Amino acid sequence: MVGARRNVPLQPTCAMCIELFQLRNKVAIVTGASRGLGKSMAMALAEVGANLVLVGRDKERLEGAAREIADFGVKTLPVIADVTMAEGVEAVVSRTLEEFGKIDVLVNNVGTYLGKPIVESTLEDWHNLINTNLTSTYLCSRAVGRHMVERQRGKVINMAAALGALGANNASAYCASKGGVIQLTRALAVEWARYNINVNAIAPGTMETELTKAMLEDPAVRKAVTGKIPMKRTGQPGDLAGVVIFLASQASDYITGQTIFVDGGFSIL
Ligand SMILES: NC(=O)c1ccc[n+]([C@@H]2O[C@H](COP(=O)([O-])OP(=O)(O)OC[C@H]3O[C@@H](n4cnc5c(N)ncnc54)[C@H](OP(=O)(O)O)[C@@H]3O)[C@@H](O)[C@H]2O)c1
């Protein structure tokens with residue numbers, strides 16, 4: 001007997017279970033892949049066989065990441081683009097289709113953070129956060145979605161944040177933008193379920209990347225942050241490897257519209 005959607009056996013054997021997580025010959029676009037969580041997720045996808053299109057603005061860093069990831073024996077294509085701009089995003093999609101002819105997975109990872117009381121913030125601060133975190137996700141999903149809808153298959157993985165579902169001090173634009181990502185995930189999941197496209201989100205807690213480096217260098221802040229995490233440690237980029245492979249692979253075929261919190265329990269308190 002087979003499952004209705006992608007021939008998933010109802011009672012898989014162990015070998016089949018491992019096969020469920022393979023991404024051989026798949027093509028994945030990861031935005032913001034030159035460093036941090038994006039680079040780490042791209043590496044994880046490469047380890048299970050996916051060819052990678054890496055997107056970022058800093059040419060040198062992006063090409064360096066592409067060389068490292070190619071060591072896994074997959075093809076990599078670095079594309080320089082600002083994903084807050086529609087033209088940049090369209091160029092990423094056309095370069096990918098020229099090179100690989102298809103897109104199986106889109107990881108909308110680009111994002112940034114701003115810690116500022118709202119009364120001290122400017123309209124420019126607000127627009128920058130919303131454009132980088134939410135509009136980029138809209139633009140990439142729209143452009144890649146046209147191709148996935150036509151193919152009637154695909155996996156979209158959006159980078160939310162635990163703070164997209166919680167309140168936090170001096171983080172109103174960030175919380176609003178990531179809350180928007182969670183809602184965009186749910187709405188697109190409904191819109192695209194009929195096309196066999198899964199749309200899910202990952203919501204990390206505090207992870208050790210360049211984005212959080214300065215903040216976590218202050219021992220008092222680090223202590224306060226880890227004190228609020230039941231597992232008593234911040235996350236490492238590698239902590240997202242399992243979840244991104246799961247959401248990109250056949251193993252998650254019957255899951256859509258969900259946000260998976262990867263935060264050491266931070267969001268459950
Ligand atoms: N770190 C955390 O604790 C944490 C927690 C929750 C959620 N997140 C989310 O996870 C994602 C990744 O975070 P991170 O910590 O890895 O951040 P990061 O270290 O600052 O990396 C951001 C990446 O995005 C790229 N980028 C930024 N703006 C871009 C744009 N407009 N167009 C194209 N590329 C762009 C950067 O490269 P270039 O500058 O070269 O373009 C870089 O590769 C973000 O969405 C963030 O909000 C992070």
Side-chain angles (χ1 to χ4, degrees), residues 29-44 52-66 68-69 78-92 95 106-115 127-140 143 157-166 168 171 173-182 184-185 201-217 221-222 225-226 228-229 233-241 243-244 259-264 266-267:
I29 297 177
V30 179
T31 70
S34 65
R35 61 173 190 259
L37 304 182
K39 181 178 170 189
S40 178
M41 288 190 289
M43 281 183 160
L52 264 305
V53 179
L54 310 165
V55 185
R57 295 166 302 180
D58 181 324
K59 188 171 186 290
E60 210 171 302
R61 286 189 81 156
L62 195 69
E63 289 180 349
E68 268 184 70
I69 293 167
V79 183
I80 310 301
D82 180 344
V83 294
T84 64
M85 311 295 287
E87 315 80 68
V89 170
E90 297 300 335
V92 171
R95 279 291 292 117
L106 167 65
V107 183
N108 280 314
N109 166 71
V110 159
T112 191
Y113 180 79
L114 176 73
H127 281 149
N128 185 42
L129 249 288
I130 299 296
N131 284 341
T132 307
N133 293 2
L134 184 56
T135 308
S136 68
T137 307
Y138 158 75
L139 287 173
C140 294
I157 302 164
N158 295 329
M159 210 53 173
L163 293 187
L166 305 167
Y174 184 75
C175 292
S177 70
K178 293 297 188 179
V181 170
I182 290 173
L184 183 60
T185 301
I202 300 172
T206 304
M207 313 294 286
E208 304 270 353
T209 69
E210 258 179 48
L211 195 62
T212 52
K213 193 168 186 283
M215 174 185 92
L216 293 172
E217 263 166 11
V221 174
R222 179 175 283 279
V225 167
T226 47
K228 289 185 194 154
I229 303 170
R233 70 167 178 90
T234 51
Q236 295 298 326
D239 284 317
L240 300 186
V243 72
V244 76
T259 297
I260 301 184
F261 289 78
V262 185
D263 62 358
F266 170 68
S267 57

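We number each residue from 1, following the sequence as shown. Just so we're clear, the structure is a prediction, and the values are computed from it rather than from any experiment. Just so you know, ligand 1 is whichever comes first in the structure, and atom 1 is the first atom listed for that ligand.
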*Quick one: does S34 get an N or O within less than 3.5 Å of an N or O on ligand 1?*
yes

_Note, M159 side chain near V181 side chain (heavy atom, < 4.5 Å)_ = no

*Are T206 and L216 side-chain neighbours, meaning at least one heavy-atom pair lies under 4.5 Å?*
yes

*ligand 1 atoms in contact with Y174 (distance to a heavy atom under 4.0 Å)*: 6 (C), 7 (C), 8 (N), 47 (O)

*Closest non-hydrogen protein atom to atom 1 (N) of ligand 1, residue and atom name please, with distance?*
T209 OG1, 3.2 Å

*Enumerate the atoms of ligand 1 whose separation from the nearest heavy atom of T84 is less than 4.0 angstrom.*
31 (N)

*asked:* Using a 3.5 Å distance criterion without hydrogens, assess whether the side chain of T31 forms a donor-acceptor pair with backbone atoms of V110.
replied: yes

_Among R57, M41, K213, which one puts a heavy atom closest to atom 27 (C) of ligand 1?_
R57

*Tell me which protein heavy atom sits closest to atom 33 (C) of ligand 1, plus the residue, atom name and distance to 0.1 Å.*
A81 O, 3.2 Å

*Just which atoms of ligand 1 are under 4.0 Å from any heavy atom in A160?*
7 (C)

*What distance separates N131 CG from S136 OG, expressed to the nearest 0.5 Å?*
8.5 Å

*Locate the shortest heavy-atom distance separating P237 from G36; write the atom from each residue and the value.*
CB-O, 4.2 Å

*Contact partition for K178 relative to ligand 1, non-hydrogen atoms under 4.0 Å*: side chain

*Polar-atom distance check: L37 versus ligand 1, any N or O pair below 3.5 Å?*
yes

*For ligand 1, which atoms, with element, lie under 4.0 Å from some heavy atom of G36?*
16 (O)

*When you measure from the side chain of D263 to the backbone N and O of S267, does any donor-acceptor pair fall under 3.5 Å?*
yes

_Shortest protein contact, atom 40 (O) of ligand 1 (heavy atom only)_ = D58 N, 2.9 Å

*Kindly indicate, with the supporting measurements, whether the criterion salt bridge (Lys or Arg N to Asp or Glu O under 4.0 Å) is fulfilled by R233 and D239.*
CA-CA 12 Å; R233 70 167 178 90; D239 284 317; 2.9 Å; yes

*Look at atom 4 (C) of ligand 1 and find which of G205, G111, A65, A162 reaches it with the closest heavy atom.*
G205

*Protein heavy atom at shortest distance from atom 3 (O) of ligand 1*: M207 N, 2.8 Å

*Region of A203 engaging ligand 1 - heavy atom pairs below 4.0 Å*: neither

*Can you spot which of E210, E68, E60 makes a salt bridge (Lys or Arg N to Asp or Glu O under 4.0 Å) with R35?*
E210

*Does OH in Y113 sit with more than 12 non-hydrogen atoms of other residues, nucleotides or ligands closer than 6.0 Å?*
yes

*Name the closest protein heavy atom to atom 32 (N) of ligand 1, giving the residue it belongs to and the distance to 0.1 Å.*
V83 N, 3.1 Å

*asked:* Is there a side-chain contact between T209 and L37 in this structure, where contact means two heavy atoms from C-beta onward sitting under 4.5 Å apart?
replied: yes

*asked:* Just to confirm my output: which protein heavy-atom neighbour is closest to atom 24 (O) of ligand 1, and how far is it?
replied: G32 CA, 3.2 Å

*Per-residue contact class, S136 against ligand 1 - non-hydrogen pairs under 4.0 Å*: neither

*Using the side chain to side chain contact (heavy atoms under 4.5 Å, CB included) rule, pick out the option among N133, L114, L163 that qualifies with S177.*
N133

*Below 3.5 angstrom, do we get any N/O pair linking A161 and ligand 1?*
no

*Contact check, T31 vs ligand 1, heavy-atom distance below 4.0 Å*: no

*asked:* The criterion is salt bridge (charged side-chain N to carboxylate O under 4.0 Å, His left out); which residues satisfy it with R222, sequence neighbours excluded?
replied: E208

*Proximity of N109 to ligand 1 by residue part, where a heavy atom lies under 4.0 Å*: both

*Calculate, to the nearest 0.5 Å, the distance between atoms CE and CD1 belonging to M41 and I157 respectively.*
8.0 Å

_Considering non-hydrogen atoms of the protein only, which is the closest contact for atom 34 (N) of ligand 1, and what is the distance?_
V110 CG2, 3.4 Å

_Distance under 4.0 Å to a non-hydrogen atom of T206: what atoms of ligand 1 satisfy this?_
3 (O)

*For ligand 1, does T212 get within less than 4.0 Å through its side chain, its backbone, both, or neither, judged by non-hydrogen atoms?*
side chain

_Working to the nearest 0.5 angstrom, can you tell me the gap between T259 OG1 and K178 NZ?_
11.0 Å

*Report the nearest protein non-hydrogen atom to atom 20 (O) of ligand 1: residue, atom name, distance rounded to 0.1 Å.*
R35 NH2, 3.1 Å

_According to side-chain hydrogen bond (donor to acceptor under 3.5 Å, both in side chains), who are the partners of N158, at least two apart in sequence or on a separate chain?_
N108, T185

*State whether the shortest distance between N or O atoms of D82 and N or O atoms of ligand 1 falls below 3.5 angstrom.*
yes

*Judged by non-hydrogen atoms, does R61 sit under 4.0 Å from ligand 1?*
no

